[in-house]
Amino acid sequence: MTPQIHVRRLAATHGRRPGAALDRADRGEDLHAVRLATETAVALIDVDLDIHPGEILVVLGAPGSGKSSLLAVLHGDLAPERGSVAAETASGPVELRSATKRQRDRWAQEAAALVAGPVALTPKSTIAETVIAALARHGTPRSDRAPRATLELANAGLRDWGEIRIADLPPGLRPRVQLLVAALGGQPILLLDDPFDGVDAWRDPSMVGALRRLRERTGKSVVLTSRDPAEALRVGDRIAVLDNGRLVQAGTPRDLLLEPATPHVAAYLSELSPVSFLQAEDVMGPIAPDDVASSFAGLVQVGTPLTRVLPALARGDVVVADRGRLLGRIGTRELQAVLSPRG
Ligand SMILES: Nc1ncnc2c1ncn2[C@@H]1O[C@H](COP(=O)(O)OP(=O)(O)OP(=O)(O)O)[C@@H](O)[C@H]1O
């Protein structure tokens with residue numbers, strides 16, 4: 001069972017005077033000034049967020065906005081100063097704020113794995129040896145390791161690469177191996193805080209595909225950090241935007257692009273063209289009950305990227321369908337709403 005995590009009014013700090021720092025932050029003082037006055041960093045304040053089973057959630061924000069601190073809280077390493085971080089697990093309810101060290105260790109062992117920083121790979125080892133060594137660290141019995149490694153490599157689309165040494169890997173495959181190794185633990189929640197050597201690993205569509213397949217196969221919830229809005233929109237089912245320790249919006253790529261909650265979110269995403277990140281159903285408007293597919297210039301299926309809908313739109317309105325059922329229409333009005341979003 002993948003637990004759903006409920007984060008409510010979470011505040012977390014680094015330093016010895018959390019009370020004084022939070023008092024000042026509550027009064028609206030700038031967090032840099034708070035830190036200077038109290039020698040305590042307010043990393044997160046008043047964060048409300050749910051993490052759903054099986055979702056890919058990207059925590060997006062500038063350096064210092066609180067991303068790593070949030071993952072550390074979710075892993076049980078950084079105790080919340082205030083608020084609540086609660087989950088229902090197979091062995092009962094967990095509240096990380098009041099949990100003992102032993103309960104937090106159990107949470108990390110059974111529920112949430114954190115990979116903070118690049119996954120270390122030994123250049124001389126083959127990929128199969130790398131996976132076997134990682135399985136050993138996770139306590140997989142010796143006799144199971146080789147067959148399990150073969151299975152994991154096949155699942156990750158790396159079956160033919162098992163005997164290749166890490167040093168000989170093409171650069172594009174290195175993050176694929178790092179992702180595979182990062183996800184080998186049995187915990188249903190995977191927290192990824194910059195697990196790759198390169199910053200732009202998710203720009204490779206095969207990486208996004210590998211992560212989605214991993215999620216489908218394992219049902220894990222994946223929470224990962226990013227500073228790059230384009231990367232976040234490409235990878236995340238939902239994106240949680242942090243600004244100076246505050247969660248300013250959590251939503252789908254469509255929510256963020258078409259209905260940014262604050263000027264900060266709008267400005268953060270302003271360089272991105274919504275057309276490049278949305279799918280047909282994100283932008284469709286209502287369809288009349290008596291509309292029939294043959295009266296439209298084209299028909300596209302749910303999940304079709306908007307970039308692939310545009311050629312048909314040049315000829316007229318397009319209908320969006322899901323297995324024969326007509327769901328909505330896209331015409332000039334819908335397109336205009338995408339090209340001039342609110343914010
Ligand atoms: N161990 C620490 N001691 C003191 N301050 C810290 C510590 N860790 C983080 N901070 C401060 O807490 C705030 C949030 O930091 P955090 O590392 O969570 O941000 P981030 O968004 O992950 O940044 P980055 O993108 O650079 O990794 C920052 O002001 C940071 O300086």
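Atoms within a ligand are numbered from 1 in the order they appear, just like the ligands themselves.
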Asker: Would the distance check show the side chain of D255 and the main-chain N or O of T252 forming a donor-acceptor pair, the cut-off being under 3.5 Å?
Answerer: yes
Asker: Heavy-atom contact under 4.0 Å between S65 and ligand 1?
Answerer: yes
Asker: Tell me, which protein residue and heavy-atom name are nearest atom 1 (N) of ligand 1, and how many Å apart are they?
Answerer: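 The protein heavy atom lying closest is H14 ND1, 3.9 Å.
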Asker: Any N/O of G66 closer than 3.5 Å to an N/O of ligand 1?
Answerer: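 Yes - when backbone and side-chain N and O of G66 are compared with those of ligand 1, one distance drops under 3.5 Å.
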Asker: Relative to the heavy atoms of P63, which atoms of ligand 1 are at a distance of less than 4.0 Å?
Answerer: 23 (O), 24 (P), 25 (O), 26 (O)
Asker: With no hydrogens and no angle check, do the side chains of S65 and D243 hold a donor and an acceptor under 3.5 Å apart?
Answerer: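 No, D243 and S65 have no side-chain donor paired with an acceptor closer than 3.5 Å.
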Asker: Any atoms of ligand 1 less than 4.0 Å from a non-hydrogen atom of A41? List them with their elements.
Answerer: 5 (N), 11 (C), 12 (O)
Asker: Using distance alone, with no hydrogens and no angle criterion, decide if Q103 and T100 have a side-chain donor and acceptor under 3.5 Å apart.
Answerer: yes
Asker: Measure the distance from atom 18 (O) of ligand 1 to every protein heavy atom, then report the residue, atom name and distance (to 0.1 Å) of the closest one.
Answerer: S69 OG, 2.6 Å
Asker: We want to know whether H14 and S69 form a side-chain donor-acceptor pair, criterion being a heavy-atom distance below 3.5 angstrom.
Answerer: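 Note: H14 and S69 side chains meet the donor-acceptor criterion.
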Asker: Answer yes or no: is there a donor N or O on one side and an acceptor on the other, between the side chain of E231 and the main chain of S226, under 3.5 Å?
Answerer: no
Asker: Heavy-atom count around R159 CZ within 6.0 Å, excluding the residue itself: above 12?
Answerer: no
Asker: Tell me which protein heavy atom sits closest to atom 17 (O) of ligand 1, plus the residue, atom name and distance to 0.1 Å.
Answerer: S68 CB, 3.8 Å
Asker: Counting only nitrogen or oxygen atoms and a 3.5 angstrom limit, does A43 reach ligand 1?
Answerer: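 Min N/O separation from ligand 1 is not below 3.5 Å for A43.
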Asker: Got the closest protein heavy atom to atom 26 (O) of ligand 1, with its distance?
Answerer: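 That would be R227 NH2, 3.0 Å.
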Asker: Are A62 and ligand 1 in contact, using a heavy-atom cut-off of under 4.0 Å?
Answerer: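 Yes; A62 lies near enough to ligand 1 that a heavy-atom distance drops under 4.0 Å.
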Asker: Which residue supplies the protein heavy atom nearest to atom 21 (O) of ligand 1, what is that atom called, and how far is it?
Answerer: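 That would be K67 NZ, 2.7 Å.
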Asker: What protein heavy atom sits nearest atom 30 (C) of ligand 1, and how far away is it?
Answerer: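 Among all protein heavy atoms, the one nearest atom 30 (C) of ligand 1 is R35 NH1, 3.7 Å.
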Asker: Looking at atom 13 (C) of ligand 1, what's its closest protein heavy atom, distance included?
Answerer: G64 O, 3.8 Å
Asker: Who are the ring-ring contact (aromatic ring centres under 6.0 Å, His included) partners of Y268, not counting sequence neighbours?
Answerer: H264
Asker: Take L211 and L179 through the side chain to side chain contact (heavy atoms under 4.5 Å, CB included) test and state the conclusion after the steps.
Answerer: CA-CA 8 Å; L211 180 68; L179 176 64; 4.0 Å; yes
Asker: Would you say D204's side chain and A201's backbone share a donor-acceptor pair under 3.5 angstrom?
Answerer: no
